[in-house]
> 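Quick one: the structure is below, questions incoming.
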Number of protein chains: 2
Amino acid sequence: MKENADVSNNPTALVDADAQVESFRQTRNNRRAELVEDYVELIADLIDHGGEARQVDIAQRLGVAQPTVAKMLKRLAADGLIQQRRYRGVFLTDEGKSLAEKSRERHQIVEAFLCALGISLETARIDSEGIEHHVSGETLEAFRAFVIERNGLADTDV
Amino acid sequence: MKENADVSNNPTALVDADAQVESFRQTRNNRRAELVEDYVELIADLIDHGGEARQVDIAQRLGVAQPTVAKMLKRLAADGLIQQRRYRGVFLTDEGKSLAEKSRERHQIVEAFLCALGISLETARIDSEGIEHHVSGETLEAFRAFVIERNGLADTDV
DNA sequence: CCTTAATTATAGCAACGGCTAATTTCTAGG
DNA sequence: CCTAGAAATTAGCCGTTGCTATAATTAAGG
Ligand SMILES: [Mn+2]
Ligand SMILES: [Mn+2]
Ligand SMILES: [Mn+2]
Ligand SMILES: [Mn+2]
């Protein structure tokens with residue numbers, strides 16, 4: 001509340017430094033979590049749909065090479081989010097399931113929100129894949145409220 | 001156009017694989033551009049406000065160490081976005097100015113959009129710092145239209 | 001002019017997220 | 001039962017983004 005004092009006098013003043021640092025820090029943290037969230041969400045989708053999540057399927061869906069997936073899965077296992085059985089598929093731990101469910105719901109809301117705004121489905125899909133990881137709880141609730149207001153709790157009620 | 005055929009029969013089917021790959025690819029590309037955009041935008045802000053952009057100021061604003069900034073500036077210089085004068089500040093090339101202006105405008109629109117949605121300014125600042133990099137042209141125009149509709153071209157008219 | 005403090009540069013480390021190439025292991029068809 | 005092909009593993013490479021510690025340079029004051 002120091003630099004803010006004269007902001008009203010100087011409309012071109014820089015934003016408060018401490019606040020900006022906090023924004024950048026938060027964004028860096030979100031960035032580190034992005035991949036993990038995408039992986040567990042995708043694994044949950046594959047399991048729910050086909051019964052199993054194999055490295056090849058994950059790699060094919062993400063558009064990366066299979067050893068890239070293998071390395072990431074080791075990290076997820078070390079983090080306690082998945083269980084690996086050699087030459088079998090991977091499975092989510094309770095913690096992994098919880099994160100996957102949270103990520104999936106948030107992703108769906110962001111995508112539905114963009115669609116409710118009038119964005120094309122294709123663009124909404126692409127943009128939400130990145131935006132989702134940077135949406136705070138407060139913003140997510142605003143998105144959800146907007147979707148409900150527009151769509152009247154239709155569809156899967158998000 | 002293969003998996004899509006039976007999507008209508010199975011409401012819980014996975015999204016089209018090709019489309020999902022494209023979303024992930026696009027998001028990875030956006031991720032690579034994030035830091036560059038934040039740097040040139042911040043450099044432009046510092047120059048516009050204080051006349052120069054020094055490594056120490058950039059580092060302090062970003063919340064990272066000074067050698068981290070030094071390394072990134074080398075990359076920006078190699079990419080033709082800035083000019084460095086040893087032990088002087090850094091300056092934007094025409095290309096750098098162009099990218100900075102584009103990034104700044106997009107950032108402002110995203111932040112104003114979140115505020116127009118009813119998000120608190122603090123949260124809007126934090127979330128927009130990450131979201132901005134994943135907003136396509138189509139989505140940006142929708143955001144801009146929404147802000148204008150709500151605010152009636154007030155303020156700096158974004 | 002000289003010295004000191006601030007700033008920048010450089011060296012070297014680590015984690016992450018990609019990749020290719022080669023090897024190992026499993027599974028299914030014959 | 002054997003074997004071919006698919007899948008997973010392992011090894012090793014690179015670029016990015018962060019860090020600390022240290023050296024070099026500049027700018028300013030006395
Ligand atoms: Mn997602
Ligand atoms: Mn995503
Ligand atoms: Mn920005
Ligand atoms: Mn940003």
> Does anything in residues 62-70 of chain A reach DNA chain D, meaning a heavy atom under 4.0 Å, and if so which residues?
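Heavy-atom contacts with DNA chain D come from A/Gln66, A/Pro67.
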> Once salt bridge (charged side-chain N to carboxylate O under 4.0 Å, His left out) is applied, what residue pairs with a partner in residues 48-57 of chain A remain, sequence neighbours excluded?
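Counting only pairs at least two positions apart or across chains, the salt bridge (charged side-chain N to carboxylate O under 4.0 Å, His left out) contacts touching residues 48-57 of chain A are A/Asp48-A/Arg104, A/Glu52-A/Arg54.
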> Round to the nearest Å and state the distance from A/Leu73 atom CG to D/dA7 atom C1'.
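Atom-to-atom, A/Leu73 to D/dA7, this comes out as 13 Å.
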> How far apart are the closest heavy atoms of B/Ser120 and B/Thr123, and which atoms are they?
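Where B/Ser120 meets B/Thr123 most closely, the heavy atoms are OG-OG1, 3.1 Å.
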> If you compare all heavy atoms of B/Leu35 against all heavy atoms of A/Arg31, which two are closest, and at what distance to 0.1 Å?
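So the minimum-distance heavy-atom pair works out to CG-NH1, 3.9 Å.
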> Go through the structure and list residues passing side-chain hydrogen bond (donor to acceptor under 3.5 Å, both in side chains) with B/Asp94, not counting sequence neighbours.
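Once residues adjacent in sequence are excluded, B/Asp94 has no partner under the side-chain hydrogen bond (donor to acceptor under 3.5 Å, both in side chains) criterion.
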> Between atom CD of A/Gln60 and atom CG of B/Asp18, what is the distance when rounded to the nearest 0.5 Å?
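One gets 7.5 Å once the value is rounded to the nearest 0.5 Å.
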> Considering heavy-atom distances to DNA chain D, does A/Lys71 or A/Arg88 have its closest nucleotide positioned more toward the 5' end?
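Going by which nucleotide is closer to the 5' end, it is A/Arg88.
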> Rounded to whole Å, please give me the gap between CZ in B/Arg85 and C1' in C/dT7.
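From B/Arg85 CZ to C/dT7 C1': 16 Å.
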> In terms of side-chain geometry, is the basic nitrogen of A/Glu141 or A/Arg144 positioned less than 4.0 Å from the acidic oxygen of its partner?
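A salt bridge is present here (some side-chain N lies under 4.0 Å from a carboxylate O).
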> Could you state the atom-to-atom distance from CD of B/Glu52 to P of C/dA6 in whole Å?
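These atoms are roughly 16 Å apart.
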> Could you give the CG-to-P distance, from A/Leu46 to D/dA7, as a whole number of Å?
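Distance, rounded to whole Å: 14 Å.
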> Has B/Arg54 got a side-chain N or O lying under 4.0 Å from the OP1 or OP2 atom of C/dT8?
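So the side chain of B/Arg54 is within the cut-off, an N or O lying under 4.0 Å from OP1 or OP2 of C/dT8.
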> Whole Å only: how far is the CD atom of A/Gln60 from the P atom of D/dA7?
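In whole Å, D/dA7 P lies 11 Å from A/Gln60 CD.
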> Can you check whether A/Lys74 has a side-chain N or O nearer than 4.0 Å to OP1 or OP2 of D/dT9?
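For D/dT9, OP1/OP2 do not have a side-chain N/O of A/Lys74 under 4.0 Å.
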> Can you check the A/Ile58 CD1 to D/dA7 P distance for me, whole Å?
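For the pair A/Ile58 CD1 and D/dA7 P, the rounded distance is 13 Å.
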> How many whole angstroms separate atom CG of B/Asp79 from atom P of D/dG15?
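It works out to 14 Å between those atoms.
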> What's the CZ-P distance between B/Arg25 and C/dC19, to the nearest Å?
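After rounding, the reported distance stands at 8 Å.
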> Between the base of C/dT8 and the side chain of B/Tyr87, is there any donor-acceptor pair under 3.5 Å?
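Result: at least one qualifying N/O pair found.
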> How are the rings of A/Phe113 and A/Phe143 set relative to one another: parallel (under 30°), tilted (30 to 60°) or perpendicular (over 60°)?
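Because their plane-to-plane angle is under 30°, the rings of A/Phe113 and A/Phe143 count as parallel.
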